[in-house]
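Have a look at the structure below, then the notes.
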Amino acid sequence: MTTEEKLTHFLEASIERATRQSTQIIDDYKKALDKLFEEHKTDSQRKADLQLRLGRDILERDMNKELSREQIQIKRDMAKKQDSLKEQLFQEVQELLEKYMASPDYKKLLLKQIKAASSFAGTDAIIIYINPSDADKLPELEQSAKIPLTISQASFIGGIRAVIESKNILIDNSFETQLKEAKESFTFFNK
């Protein structure tokens with residue numbers, strides 16, 4: 001082999017070796033870039049998913065807050081309306097009571113309450129009060145019940161109140177108390 005041939009062979013071998021090395025380096029570099037790209041893609045996807053989840057959580061939280069706010073407002077509005085209707089209802093009951101108190105049935109009720117209180121007292125002394133608005137009925141009620149009655153100083157709408165002092169007992173059949181109890185226990189819905 002001549003020097004020229006040796007040089008050519010050396011050149012070809014060197015170029016072939018350099019080509020193989022550069023191809024290997026390029027392949028390694030491509031693999032490294034592909035791996036880096038996949039890691040970047042995975043990381044970016046994870047970050048996007050996290051951001052999406054956080055955004056959804058924030059939206060859900062805001063929506064729940066708004067929903068709660070609306071529910072509270074609806075409950076307030078409902079409570080106001082119920083209070084208004086309750087007042088209206090008891091105003092109508094009050095008007096019906098006034099009509100009832102002008103009827104003969106009211107005198108019968110008073111007489112029945114007076115007799116029941118007197119019977120309950122038995123031999124004990126009892127003071128039976130009627131409402132000041134019923135003062136005109138006093139003589140007729142005393143005659144029918146055969147018991148002295150007292151006109152109350154304080155108005156209690158209608159009905160009677162009685163006191164048995166010896167036993168510290170108050171019998172309260174007044175319309176005022178019954179209306180108050182009905183109003184306190186009244187609800188629109190069973191819970």
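These values consider heavy atoms only, across backbone and side chains, with no hydrogens, waters or symmetry-generated copies.
A 6.0 Å sphere centred on NZ of K180 holds no more than 12 heavy atoms belonging to other residues, nucleotides or ligands. Other residues, nucleotides and ligands place no more than 12 heavy atoms under 6.0 Å from the CD atom of E140. With a 6.0 Å radius and a threshold of 12 heavy atoms from other residues, nucleotides or ligands, Q94 has its CD atom above the threshold. For CD of E4, the number of neighbouring non-hydrogen atoms (other residues, nucleotides, ligands) closer than 6.0 Å is 12 at most. Other residues, nucleotides and ligands contribute over 12 non-hydrogen atoms within 6.0 Å of the CD atom of E66.
One finds the CZ atom of F156 at 13.5 Å from the CG atom of L179 (value rounded to the nearest 0.5 Å). Expressed to the nearest 0.5 Å, how far CD1 of I58 lies from CD of Q51 amounts to 9.5 Å. One finds the CD1 atom of I26 at 11.5 Å from the CG atom of L33 (value rounded to the nearest 0.5 Å). A distance of 10.0 Å separates CD1 in I128 from CD in E142, rounded to the nearest 0.5 Å. Rounding to the nearest 0.5 Å places NZ of K107 at 10.0 Å from CG of L110. Note that the NZ atom of K41 and the OG atom of S44 stand 10.0 Å from one another [nearest 0.5 Å].
Using a cutoff of 4.0 Å between basic side-chain nitrogens and carboxylate oxygens, K47 and D43 are scored as salt-bridged. Salt bridge E95/K99: absent, no basic N to carboxylate O contact under 4.0 Å. Under a 4.0 Å N-O distance rule, the pair D134/K137 qualifies as a salt bridge. Using a 4.0 Å cut-off between charged nitrogen and carboxylate oxygen, K75 and E70 do not count as a salt-bridge pair.
In terms of hydrophobic clustering, with Ile, Leu, Val, Met, Phe, Trp and Tyr side chains grouped at heavy-atom distances under 4.5 Å, I130 and I126 are assigned to a common cluster. I127 and L170 fall within a single hydrophobic cluster, where Ile, Leu, Val, Met, Phe, Trp and Tyr side chains are chained together by heavy-atom contacts under 4.5 Å. Cluster membership for V163 and F175, using ILVMFWY side-chain heavy atoms within less than 4.5 angstrom, is not shared.
Inter-residue side-chain proximity for R17 and R20 is flagged as met; some heavy-atom pair is nearer than 4.5 Å. E12 places none of its side-chain heavy atoms less than 4.5 Å from the side chain of E16.
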Intermediate values then yes/no, side-chain hydrogen bond (donor to acceptor under 3.5 Å, both in side chains), S174 and T177 | CA-CA 6 Å; S174 68; T177 301; 2.9 Å; yes
Test side chain to side chain contact (heavy atoms under 4.5 Å, CB included) applied to L59 and M63, step by step | CA-CA 6 Å; L59 284 175; M63 187 175 68; over 6 Å; no
Would E87 and K183 count as a side chain to side chain contact (heavy atoms under 4.5 Å, CB included) if you check the C-alpha gap in whole Å, the side-chain angles of each, and the deciding distance to 0.1 Å?
-> CA-CA 9 Å; E87 286 303 317; K183 200 171 192 178; 3.0 Å; yes
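Not one N or O on the side chain of S118 forms a donor-acceptor pair closer than 3.5 Å with the backbone of I114. S22 places a side-chain N or O within 3.5 Å of a backbone atom of A18 that can act as its donor or acceptor partner.
Looking at residues two or more places apart in sequence or on another chain, you find no salt bridge (charged side-chain N to carboxylate O under 4.0 Å, His left out) involving K65. Looking at residues two or more places apart in sequence or on another chain, you find no salt bridge (charged side-chain N to carboxylate O under 4.0 Å, His left out) involving D34. Y129 is linked by a ring-ring contact (aromatic ring centres under 6.0 Å, His included) to nothing, counting only residues two or more places apart in sequence or in another chain. Not counting sequence neighbours, the partners of F90 by the ring-ring contact (aromatic ring centres under 6.0 Å, His included) test are F186. Scanning for side chain to side chain contact (heavy atoms under 4.5 Å, CB included) contacts around E5 gives M1, T2, with sequence neighbours left out. Taking E181 as the reference, nothing meets the side chain to side chain donor-acceptor pair (under 3.5 Å) condition, with sequence neighbours excluded.
Between Y100 and Y106, the ring planes lie perpendicular to each other; the angle is over 60°, past the 30° to 60° tilted range.
The two residues I157 and E176 have their closest heavy-atom pair at CD1-CA, 3.7 Å. Closest approach of T19 and T23 over heavy atoms only: O-OG1, 2.6 Å. Looking at every heavy atom in both residues, I151 comes nearest to P132 through CG2-CA, 3.7 Å. Between M101 and S133, the shortest heavy-atom contact is CE-OG, 3.9 Å.
A donor-acceptor pair shorter than 3.5 Å can be found between the side chains of D28 and Q24.
R161 pairs with exactly one of D172, T150, N131 by the side chain to side chain donor-acceptor pair (under 3.5 Å) rule, that one being D172.
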